[in-house]
Amino acid sequence: MKNLIPPVKGARDFYPEEKAIHGWLYQKLKNVSASFGYQEYDGPFLERIDLYAAKSGEELVKEQAFVLQDRGGDLLALRPELTPSLVRMVAQRQNQLVYPLRWWSFGPFWRYERPQKGRTREFFQWNIDMIGVDSTEADAELIAVCVAFLRSVGLSSDQVVLRVNDRRLMDSELNTIGISGEQKKAAFKLIDRSDKLPQKEWETFASELGFTTQQISGIQAILNDTTLWKKSPSLVRVFDSLKALRADDFVRFDAHIIRGLDYYTGTVFEASDLDGGRAILGGGHYDNLVEDVGGDPLPGVGFAMGDVMITIVLEKYGLLPEPKSFTRAGLMTVFDENALQDALRLSAIVRDAGIEMVCYPAVAKLQKQFKYADRIGVRFVLVQGPDEKAEGKVSVKDLANATQQTVAEAELIGFLQQLLK
RNA sequence: GUGGCUGUAGCUCAAUGGCAGAGCACUUGACUGUGGAUCAAGGGGUUGUGGGUUCGACCCCCAUCAGCCACCCCA
């Protein structure tokens, strides 16, 4: 035990209970994606580093990506996100694909960050995008997909909020108070910070960024105006569409939502835990992603959700499924040395009838085998000792109600099917 | 990258300078053909690692490693 090689920092072990939950989550988002007609795809886990360098900038790649060198000397990266791969895949077959394209994916990603609550170096992410259409109805659909997912895992609008904004609206609003060009980036950063910092510190931060008192109060006025969305025709349409889609619970306009990514150009949205504030998922509309890697311009809308944060939130609200171990139905015991072959034979018969069956793999005390059956959570236990063997019978113990019956081998399957009903 | 907290049995944690412990788990038995409950016995430790202070260190000091948490960042 002492000399165990430690696991890689920020990597994750999935013990069966955790793997079961992971699989459950996968099923949920798969069903939601499919219900809107999205198709599953995946990219490679390894990409040339240039793919990310082109878009994300060298700093990010150097500091946040797991980089390795192949034998030819090329630099590769474990994918830190999926969008560049998606865009490359679309660009490669740009003229063969059918638009609007609806694709989704769930797989592992790596980022070299300092692990903490809700953040690991190895994580899974659900990515879902609609590409090739430039409408507010498409934006609304992706938001509706979010809502459908949140509902399907049992979350309510008391627990999670889905905040929606539009970058074009923020752009024009900033323009009207005299913030433009380079200052806009700083303003976005300031807006992003507005609910993290206390009022006074925020104002200090704002003047450090070079904003005038007038501009600062202008920004505050924008942020506090809950009806601001009415000035944005596209947001009005998004909210109307959401109502038509019957997906307007969870959803709320919020001018604070900007999103860190530069490539968002229109609608942006983000879901977060109301009690705790951490973001669960986020996404938005982009105009020209494909163009960036050398294809013709194609608009799209999409979002991404990490598995770690959502699992923490679901656990907090008691919404994770019971880890009712496995579905293995029964255990075949081994009475003694002479019974080994019969145990194998009987378990094969039961298994062939479609009943999940585990056979104890060695000779052991019955007490130990029964205890094992209890621990792994099977429903029934089969015993064939000398007495049963002599009459061609098997004893079946139902662990749920501690009853036991001895039945003829020929009637065993029917008996078990009845028991498992 | 910055800061805080924590490292003691498989797990959760006691022991505040004087013999390293408990609960749970495990093994065995009470029960020679039967799980969950109960009882009894047993196994299990270089107190993360290295140094220092002290008659004496799990405890105090220094270093180091690891984990957790927050900040930064978040494609």
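Just so it is clear, the values below take in all heavy atoms, side chains as well, and ignore hydrogens, waters and symmetry mates. Proteins get letters first, then strands, A, B, ... in listed order; numbering begins at 1 in each.
- With salt bridges taken as basic N to acidic carboxylate O contacts below 4.0 Å, one links A:Asp275 and A:Lys316.
- Two residues, A:Gly10 and A:Pro80, neighbour RNA chain B, and the one matched to the more 5' nucleotide by heavy-atom proximity is A:Gly10.
- For the C1' atoms, the distance linking B:G56 with B:C65 amounts to 28 Å, nearest Å.
- Figure legend: A:Arg111 and A:Phe66 shown without cation-pi pairing, the cationic atom not lying both under 6.0 angstrom from the six-membered ring centre and within 45 degrees of its axis.
- Taking only distance into account, the side chain of A:Gln369 never meets the base of B:U34 through a donor-acceptor pair shorter than 3.5 Å.
- For the segment residues 378-389 of chain A, residues with any heavy atom less than 4.0 angstrom from an atom of RNA chain B are, sorted by number, A:Val383, A:Asp387, A:Glu388.
- Rounded to whole Å, atom P of B:C74 lies 19 Å from atom CZ of A:Phe109.
- For B:G52 and B:A14, the P atoms lie 30 Å apart once the distance is rounded to whole Å.
- In this structure, the CZ atom of A:Arg278 is 13 Å from the C1' atom of B:C72, given to the nearest Å.
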Can you run through RNA chain B from 5' to 3' and write each base as (, ), [, ], | or . depending on how it pairs? Watson-Crick or G-U wobble, both distances under 3.5 Å. (((((((..((((....[..)))).(((((.......))))).....(((((..]....))))))))))))....
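- Geometrically, A:Arg259 does not engage A:Tyr264 in a cation-pi contact, judged by NZ or CZ lying under 6.0 Å from the ring centre and within 45° of the ring axis.
- To the nearest angstrom, P of B:G29 lies 8 Å from CD of A:Gln367.
- The nucleotide whose nearest atom lies closest to any side-chain atom of A:Arg375 is, among B:A75, B:C73, B:C26, B:C26.
- As rounded to whole Å, 6 Å separates atom P of B:C69 from atom NZ of A:Lys117.
- When the C1' atom is used for both B:G1 and B:C74, the distance is 15 Å, rounded to whole Å.
- A cation-pi arrangement is present between A:Arg121 and A:Tyr112, with the terminal nitrogen or guanidinium carbon under 6.0 Å from the aromatic centre and inside a 45° cone about the axis.
- Residue order along RNA chain B, read from the 5' end via each residue's closest nucleotide, puts A:Gly118 first among A:Tyr264 and A:Gly118.
- Aromatic ring pairs are classed by plane angle as parallel below 30°, tilted from 30° to 60° and perpendicular above 60°; the pair A:Tyr360 and A:Tyr372 is perpendicular.
- Residues A:Asp70 and A:Arg48 are not paired through a salt bridge, judged by the lack of any N-O separation under 4.0 Å between the basic side chain and the carboxylate.
- Rounded to whole Å, atom C1' of B:C72 lies 9 Å from atom CZ of A:Arg119.
- B:G21 sits 14 Å from B:G42 when the P atoms are compared, rounded to a whole Å.
- Put simply, CD on A:Gln116 is 13 Å from C1' on B:G1, counting in whole angstrom units.
- Across the protein-nucleic acid pair, A:Tyr372 atom OH and B:C26 atom C1' stand 16 Å apart, rounded to whole Å.
- B:G18 and B:C60 are spaced 12 Å apart, taking the P atom of each and rounding to whole Å.
- For A:Arg193, a side-chain nitrogen or oxygen approaches OP1 or OP2 of B:C73 to under 4.0 Å.
- Taking the six-membered ring for Trp and thresholds of 30 and 60 degrees, A:Tyr286 and A:Tyr263 have ring planes more than 60 degrees apart, a perpendicular arrangement.
- For the pair A:Arg151 and A:Phe250, the NZ or CZ position fails the cation-pi test of under 6.0 Å to the six-membered ring centre and within 45 degrees of the ring normal.
- Comparing B:U49 with B:A57, their C1' atoms are spaced 16 Å from each other, to the whole Å.
- Distance NZ (A:Lys371) to P (B:G33): 19 Å, rounded to an integer number of Å.
- Atom P of B:C11 sits at a distance of 26 Å from the matching atom of B:C19, rounded to the whole Å.
- Residues that satisfy the salt bridge (Lys or Arg N to Asp or Glu O under 4.0 Å) test with A:Lys184, not counting sequence neighbours, are A:Asp171.
- Nucleotides B:G48 and B:A66 are separated by 7 Å at their C1' atoms, to the nearest Å.
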Are A:Phe106 and A:Trp126 close enough, and set up right, to give a ring pair (Phe, Tyr, Trp, His ring centres under 6.0 Å), and what steps lead you there? CA-CA 4 Å; A:Phe106 183 70; A:Trp126 176 32; 8.3 Å; no
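- Taking a cutoff of 4.0 Å between a charged side-chain nitrogen and a carboxylate oxygen, A:Glu47 and A:Arg88 qualify as a salt bridge.
- OP1 or OP2 of B:C72 has not a single side-chain nitrogen or oxygen of A:Lys189 nearer than 4.0 Å.
- Counting any heavy atom pair closer than 4.0 Å across all strands shown, A:Ala402 reaches a base atom.
- Contact annotation: A:Arg114 does not reach the phosphate of B:G4 (side-chain N/O to OP1 or OP2, under 4.0 Å).
- Contact annotation: A:Lys9 side-chain N/O to B:G67 OP1/OP2 distance is under 4.0 Å.
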